[in-house]
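Below, chain A is the first sequence line, B the second, and so on; all start at residue 1.
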There are 2 protein chains.
Amino acid sequence: MISKACRYGIRAVVYLASRYGETAKSSFAEISREVDAPEAYTAKILQILTKSGIISSIKGPNGGFYMERLQIDQAVINIVDTIDGLDVFYECGLGLKQCSASRPCPMHDQYKMARETLLDSFSRTTIEQLARRVKEGSSFVRNLAIPGVG
Amino acid sequence: MISKACRYGIRAVVYLASRYGETAKSSFAEISREVDAPEAYTAKILQILTKSGIISSIKGPNGGFYMERLQIDQAVINIVDTIDGLDVFYECGLGLKQCSASRPCPMHDQYKMARETLLDSFSRTTIEQLARRVKEGSSFVRNLAIPGVG
DNA sequence: ATAATAAAGGATTAAAATATCTTTTATTAT
DNA sequence: ATAATAAAAGATATTTTAATCCTTTATTAT
């Protein structure tokens, strides 16, 4: 559905958002550790997110990644749009180049329904809402530590 | 969401099903042409579908691919299961190794909803239903011919 | 000014998915 | 039996996605 890069990206952003208010900024080393994502790859993704204004960064000592209030109040779909684009929400489920109500693939209606359910969640849910759950401890952005591994 | 191979596969099977009753079997050359999918790749996919019993085939002159009544009455999910597996319907939307109601990712509920909508359509829709639409001409498994191209 | 820090940028590698090509096997018609 | 047909099987190539590594730039503290 959405790419691995995008899944890492959402987890990273939600983690960053959950640290809103803390004075210290987060390095990509910290972020990748906290969301169990490969360090160098996460750095690339954070770079893209910074360039597009989803998150902010400052270089040098005491620098790192952080988010502004306005950024936290964005919908999650903006992250998906930046990393994967929105095509997946509009493409034909069976891969036809053009597929519409007037010339549908055999699964058009069913697929559209599912796609829209997902697009709706991503559009209506804000980063803040997800971050709050993480802060509360009612949801998680990292894997459970496996005792004896790592 | 589902792989390209799987999308070609569904289109190929629906096409084959729509030819149920015709005496002549279909070659992979014919099938790939009729669903606008790469010939050699389609052959591979048809091979997998044959081995798993989704469709049938016979080698040699007058041979080719075809479907039995029982095969046509299967749910579409069986095609997905054979080509991609069902993991996609059970994996975490944000890529966590374990994600459940008791230890959810921040989007767990929303994602589950969308995933189940899709799994439900695939499970409740039969190949026959899709093939009927194609036979009626109310839906399509191939791209619109672009005048002057091809 | 200089050294240290941390992200940005660019180049490269690895793995997976997509796609093609060649050889083999089964079946049929002659 | 032999030639022709069509799928099965295996090997190889290409493209995309995922991931790493190395160099450069900006910022800060000394």
Contact between A:Ile54 and A:Ile48 at the side-chain level, heavy atoms closer than 4.5 Å - yes or no?
no
Between B:Glu39 and A:Ala43, which has a closest nucleotide on DNA chain C that is more 5'?
A:Ala43
When you measure from the side-chain N and O atoms of B:Lys44 to the phosphate of D:dA9, is any distance below 4.0 Å, counting only OP1 and OP2?
no
Base, sugar-phosphate, or nothing: which does B:Ser56 touch, judged by heavy atoms less than 4.0 Å apart?
nothing
Do B:Gln47 side-chain and D:dA9 base share a donor-acceptor contact under 3.5 Å?
yes
With a 4.0 Å cutoff (strictly under), does any side-chain N or O of B:Tyr8 reach OP1 or OP2 of C:dA19?
yes
Are B:Glu30 and B:Tyr15 linked by a side-chain donor-acceptor pair shorter than 3.5 Å?
yes
Side chain of A:Pro61, heavy atoms from C-beta onward: which of D:dT27, D:dA7, D:dA19 has the nearest atom to it?
D:dT27
Who does C:dT30 pair with, Watson-Crick or G-U, both distances under 3.5 Å?
D:dA1
Side-chain donor or acceptor of B:Lys59 under 3.5 Å from a matching atom on the base of C:dT25?
yes
Between A:Tyr41 and D:dA18, does any side-chain N or O lie under 4.0 Å from OP1 or OP2?
yes
Distance below 4.0 Å between A:Ser57 side-chain N/O and C:dA6 OP1 or OP2
no
Could you pick out which residue, B:Gly60 or A:Ile58, lies toward the 5' side of DNA chain D when each is mapped onto its nearest nucleotide?
B:Gly60
For D:dT15, the Watson-Crick or wobble counterpart (both distances under 3.5 Å)
C:dA16
Is there a donor N/O on one and an acceptor N/O on the other, under 3.5 Å, for the side chain of A:Lys51 and the base of C:dG9?
no
Working to the nearest 0.5 Å, report the span between OG of B:Ser121 and NZ of A:Lys112.
14.0 Å
Closer than 4.0 Å, any side-chain N/O of B:Asn62 to the OP1 or OP2 of D:dA6?
no
In terms of side-chain heavy atoms of B:Ala40, which of D:dA18, D:dT20, C:dC21 is nearest?
C:dC21
